[in-house]
Amino acid sequence: MRVSVPKSLDAALGLLAEDPQAVVLAGGTDLMVAINFGRARPEHIVSIARLAELKELVAGEQVLCGAGVTYTHLLQRVRDRALVDAARTVGSPQIRNAGTIGGNLGTCSPAGDTLPILAALDATIVVVSRRSGERRVPFSDWMRGPKQPALEPGELVLRAEWEEAGPAQAFLKAGTRNAMVIAVASLAMVVDRARRRVRVALGSAGPTIIRATAAEEMASGLIEEVGWERPLTLTEAARARFADLVAAAARPIDDQRGTGAYRRHVIGVMASRALQRTGAAA
Amino acid sequence: MPEGLRTRGGVGESIPRPDGPDKVSGRFSFGSDLTAPGMLFGKTLRSPHPHALIRSIDVEKATGMPGVKAVLTAADLPGERLYSLHKPPDQPVLAAAGDEVRYAGEPVAIVAAEHPEQARAALEAIAVEYEVLAPLLDPVDAIQRGSVLRELTIRSGDPDAVADVVVDGYYEVGQQDQAPLGPEAGLAIPTPHGGIDLWVATQALHVDLEQVEACLGMRPGAVRLHLGGVGGAFGAREDLSIQVHACLLALKARRPVKMWYGREESFTGHVHRHPAWMWYSTGADRDGRLVFVKATILLDGGAYASSSGAVVANAACFGAGPYRVPNAHVWSGAARTNTVPNGAMRGFGAVQSCFAYEGQMDLLAARLGLDPIELRLKNAIRPGDRLITGQALTGAAPMAKLIDLCQGLPEPPAPSDSLALPGGAGNVASAAEVVRGTGFAVGFKNIAYSEGSDDYATARVRLQRGPDGAAVVQVKTAASEVGQGLVTVCLQVARTELGVEAVEIERADTTVGDAGSSSASRQTWMTGGAVRDAARLVAAEVLKRAGPPAQALAGGHVLDEEGAALAPIELFLDEPIEREFEHHHRPTSGLDPAGQGDAHVSFMFVAHRATVDVDAEAGLARVAQVATAQDVGRAINPLQVHGQIEGGIAQGVGLATMEEIKLKDGLIRNASFTDYIIPTSLDMPEVAAVLVEEPEPEAPYGAKGVGEPPLISSPAAIVAAMRAATGRRLNRVPVSPEELAGLSECRPGWLVRPGQSPAEAVRPAPPL
Ligand SMILES: Cc1cc2nc3c(=O)[nH]c(=O)nc-3n(C[C@H](O)[C@H](O)[C@H](O)COP(=O)(O)OP(=O)(O)OC[C@H]3O[C@@H](n4cnc5c(N)ncnc54)[C@H](O)[C@@H]3O)c2cc1C
């Protein structure tokens, strides 16, 4: 097994252009697990851990989050509440110090905790290669399937970008343990009052991150009635209907981490609570 | 006695453990850290099928691969082909061509190579032709086909006793893994004279030795075992894992061979706690006094016997709880199925039945309109009472006192931080959605080996002048330090008996007599007792050499009967003094056909109260506190006792809320710490513990074992608290989020009359 440790982005892209089969290593918190399980036996590894270019995080109106930004870094710097809450749930301190958002995107699991939020923030993923230069992929096109990111051979994730969406955000994650657990189901909700849009995205609820568009429309309608600048007072009936619409969008399966029935149920519970929390935050 | 003549750090003091600094700083060498120059790496080929006939095994290609130094199958075995903790042995060292594999993960071939990757590649090159057979997976089905490892009935009192109030209940306990962080590991080094030295992380060097010698076909003395650093055991290291395989490969290759399992392999490489299916009927009079307990306790023993027999007996003997039960009828049995063998785990049968009988006590309390704690107090067993096996309690049995003390412990405050709410970091619950419940449970269990085993431990104690001329004690035993703190206990005992603070605990190996296993909460009593007795012989020799008026040893000196110093101990050590002692506990007897007999030497009692915060809508919970009062006889080292209590409760929280090996078609679906989840520090409750010290008359220093009780009734208490918070039945552990949220309930797959064998079980009528 060959391991290359390029010192610059340019050198990394050169190595990947020469050997498009090479496997990128960031924090290694997914890749090394796959190697330990015998699921991956890469011939050539290109470590991007030293690339300063990927570690930049610009948190303003427009957020630019380098692929090499770790969860610990996110927790300290980002203002988007949902992303902070998600970063806080990832693994343990050791995993948060090593694991990166680029790795979460690269692994492209429906249980990746940042992914529902990137979906709910309408983020754009910027990728780059020697051959085709930079390419911008809206998050909605990122996941071609479970573990199938929209990455071509030789491409690196450069960063994720999104517009800061204000304080009305929530991320909820259900698991059978109180920390360091893979989501049995998760939900991100963003009420972007400035841009007048509501996004609800589900994790571990199907083969990819799922947007609950009917529920988004319903919530937009409710907010529209009281006005986008005002906090929302909700009836039980409205919460229940919203919960049903979100749960109906899920396509959960039974597996060793939970049953489909529980997943659908808890998604409804989380939806109702997320609506309450984001609706109240004006 | 002047302060200078007190021996510091003896029995009763909370001294820090001698191996602690190395363990927390990463310097301690665990089994997986073992290394020798020129060593090879051994790996195991395992059956992918839970049940199959091996038609053929072809190793030719593997044998010629780069770096490969040995490839062995059953055809190459030099000695006994079967091994087990059980007699006669039933588990193949390697499954043979023409024979069957009986669980997925059963070893079929072993390989040693220069590099682990070469060994892995060689395993892939071994061609095994299997004829897949239907696996037997349902334990009731197995019992009905006569596939039984052991069954046992206990009958006492009047079989027709009539009660005013009767409650019936069905309970299940999922399959728990011991989850030791250190995987199975060892290093075998051939000696120049055809023998072998094996370093291994184990619970019992001599128990391993006997089996290894037989399987290698080697004469006694040719095999020596040495304790490798043990990274947790909890029962997982009682059966053999790498022992015979590593030795076979090393002997074949004439090179040192190291074997260690990865995490996934570890899940099939050791036994687990028996999952249980239990049907109970409990009767009481109108005042709440128990009239009868009838129970059927069915365990899945898996493919081979391991320690199923003793687990069956424990589940039965303690199956009515630490209560006065005048009439009992208990059937307990283990089915032989095609799953990974089940065997020893902390609590050893007592955990399973406790979950059922304590569930029954709460049902009864509700039916009678009594407070659950009052009901337990009313029925608590007392010294002199008889167990359902007819055995009278002759030792300390402070059950009622434990209940009183436990219920009086302060309750925890409401969660102050969102991380402490159910779901923790997941951010699902807010305080408004949380209901707090409290539950209570009690339990008990035997200490040491039972049913007539000659249980003993050996210690060798040497007292001599050290390099600086001062007296030094060396303690040698073959007992396994598995993390429980036995080395600290031995050190404290030697200090107390010899009055010398400089004590070295030597590395355990088989050059000294058998110490038995570090299991059954027995080593403080057994090895602690052997060290005490050997040290007393040494002390007697010092006093003899000193002559009158020498009376005692303390603070490094020989003292007269007033406690005045006569002379430093080293003055009498021109010749070193060495003594060895075998400590046996009082013989026990077997159980007769009615399950009657004085089968156990002593019992430990415990009470737990759990406070659990539940988000019932989302099906999430967090255990806020477990309060406990534990009967310890005497705390040799109170700090270590608290450590055992916290560790046992962590495993109890795990069993109650999350830990379960999930099988599908006989295959483990969650053989990793990603999916077999154990509590994190955020799941760990606050622990409030009181130790009750009523000395056990027969035990050295009056000290009972302390390792298992924290795990016996903590799961039952936690689930009782969840029931109190939700009103749901929750008759299965671990409680799933789905059950906690009320989306599903655990229902029996078979109908069994409590007390009867499942041989007569029928399927319930389908719901209309
Ligand atoms: C104990 C533990 C707990 C965990 N808990 C969680 C959790 O709670 N939530 C969660 O979401 N995840 C969790 N994970 C998974 C993992 O930590 C995350 O997915 C993390 O974001 C992966 O990042 P990494 O930098 O370590 O990726 P790596 O393992 O280095 O890489 C992962 C994949 O992405 C590719 N890749 C990485 N960076 C790039 C890039 N810039 N461009 C192109 N491809 C790239 C790699 O080739 C590889 O295929 C956990 C893992 C462990 C071991």
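Chain letters run A, B, ... following the sequence lines, proteins first and then strands; every chain starts at 1.
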Check: Between B:Arg120, B:Arg263, B:Lys664, which shows the greatest number of heavy-atom pairs under 4.5 Å with chain A?
Finding: B:Arg120

Note to self: Please rank B:Glu660, B:Lys662, B:Arg622, B:Glu617 by heavy-atom pairs under 4.5 Å with chain A and give me the top one.
What the structure shows: B:Glu617

Quick one: which residues of [range] reach chain B at under 4.5 angstrom, heavy atoms only?
| range | answer |
| --- | --- |
| residues 246-266 of chain A | A:Asp255, A:Gln256, A:Arg257, A:Thr259, A:Ala261, A:Tyr262, A:His265, A:Val266 |
| residues 87-119 of chain A | A:Arg88, A:Thr89 |
| residues 232-245 of chain A | none |

Which atoms of [X] approach chain A - backbone, side chain, both or neither, heavy atom under 4.5 Å:
| X | result |
| --- | --- |
| B:Asp675 | side chain |
| B:Glu738 | both |
| B:Leu421 | backbone |
| B:Ala420 | neither |
| B:Pro422 | backbone |

Inter-residue atom distance [X].[atom1] - [Y].[atom2], 0.5 Å rounding:
| X | Y | atom1 | atom2 | result |
| --- | --- | --- | --- | --- |
| A:Asn178 | B:Ser681 | CG | OG | 10.5 Å |
| B:Ile677 | A:Ile182 | CD1 | CD1 | 9.0 Å |
| A:Arg277 | B:Ser430 | CZ | OG | 5.0 Å |
| B:Asn427 | A:Asp85 | CG | CG | 4.5 Å |

Notebook entry, point to check: Do you know the tightest heavy-atom contact between B:Asp615 and A:Arg273?
Noted result: OD2-NH1, 2.5 Å

Notebook entry, point to check: Where do B:Ser672 and A:Phe37 come nearest, in terms of heavy atoms and distance?
Noted result: CB-CZ, 3.4 Å

Margin query: Within a 6.0 Å radius of atom CZ on A:Arg81, are there more than 12 heavy atoms belonging to other residues, nucleotides or ligands?
Written below: no

Check: Going through the checks in order, is the side chain to side chain contact (heavy atoms under 4.5 Å, CB included) test met by B:Thr657 and A:Thr176?
Finding: CA-CA 8 Å; B:Thr657 63; A:Thr176 22; over 6 Å; no

Next item on the list: Answer yes when B:Glu659 and A:Arg177 have at least one side-chain N-carboxylate O distance shorter than 4.0 Å, and no when they do not.
Entry: no

Check: B:Tyr261: what forms a ring pair (Phe, Tyr, Trp, His ring centres under 6.0 Å) with it, not counting sequence neighbours?
Finding: none

Note to self: Just so I understand: if I count every heavy-atom pair under 4.5 Å between each of A:Arg41, A:Met180, A:Met270 and chain B, which residue has the most?
What the structure shows: A:Arg41

